[in-house]
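Computed from a predicted model, the values in this text were never measured in an experiment.
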Amino acid sequence: AESSSTTVKSTVQSTALAQNASSAVALRNGVALPVLGFGTYRLGRQAQGIVAEALKAGYRLIDTAQVYDQGSIESAVGAALRHSGLPRSSVFISTKVWRSSH
């Protein structure tokens with residue numbers, strides 16, 4: 001069995017080898033998880049356009065949070081993805097929820 005320290009070391013090495021926004025690491029289930037994500041903190045009113053440009057540039061992991069601009073960033077990420085023409089299954093979206101929301 002592989003130790004957790006070996007797994008972490010392997011992941012860190014894979015991350016260090018990222019060539020571009022679409023570089024990924026294979027999960028055990030075969031899914032390719034991008035090693036580089038695009039953060040949306042403090043994007044403000046331009047969020048939809050900025051996220052759209054990130055998707056065009058090849059980012060396939062978008063990170064957001066419920067508390068960023070009272071949830072407006074999450075809506076902007078959704079709109080950018082819908083307008084991108086990319087299949088939803090090709091983009092990972094990570095988010096954080098506030099304690100009172102779970």
task = To the nearest 0.5 Å, tell me how far Asp63 CG sits from Tyr41 OH.
result =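 Rounded to the nearest 0.5 Å, the CG-OH separation comes to 12.5 Å.
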message = To the nearest 0.5 Å, what is the distance between CD1 on Ile93 and CD on Glu74?
response =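 With rounding to 0.5 Å, CD1 (Ile93) is 9.0 Å from CD (Glu74).
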request  = Using a 4.5 Å cut-off on heavy atoms from C-beta on, say whether the side chain of Phe38 contacts that of Leu43.
outcome  =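 Heavy-atom side-chain distance check passes, below 4.5 Å.
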task = Kindly write out the residues that satisfy side-chain hydrogen bond (donor to acceptor under 3.5 Å, both in side chains) with Ser72, not counting sequence neighbours, or none if the list is empty.
result =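 Testing Ser72 for side-chain hydrogen bond (donor to acceptor under 3.5 Å, both in side chains), a comparison that skips the adjacent residues, returns none.
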inquiry  = Take a 6.0 Å sphere around CZ of Arg45 and say whether it holds more than 12 heavy atoms from other residues, nucleotides or ligands.
reply    =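 Open.
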For residues [X] and [Y], report the shortest heavy-atom separation together with the two atoms involved.
X     : Y     : value
Phe92 : Ala32 : CE1-O, 3.3 Å
Asn29 : Val31 : OD1-N, 3.0 Å
Ala65 : Thr95 : CA-OG1, 3.4 Å
Gln66 : Val97 : OE1-CA, 3.6 Å
Ser94 : Leu61 : OG-CD1, 4.3 Å
Ala47 : Ile73 : CB-CD1, 3.6 Å

ask   = Can you tell which of Arg82, Glu53, His83 makes a side-chain contact (heavy atoms from CB on, under 4.5 Å) with Gln48?
value =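 Exactly one pass, corresponding to His83.
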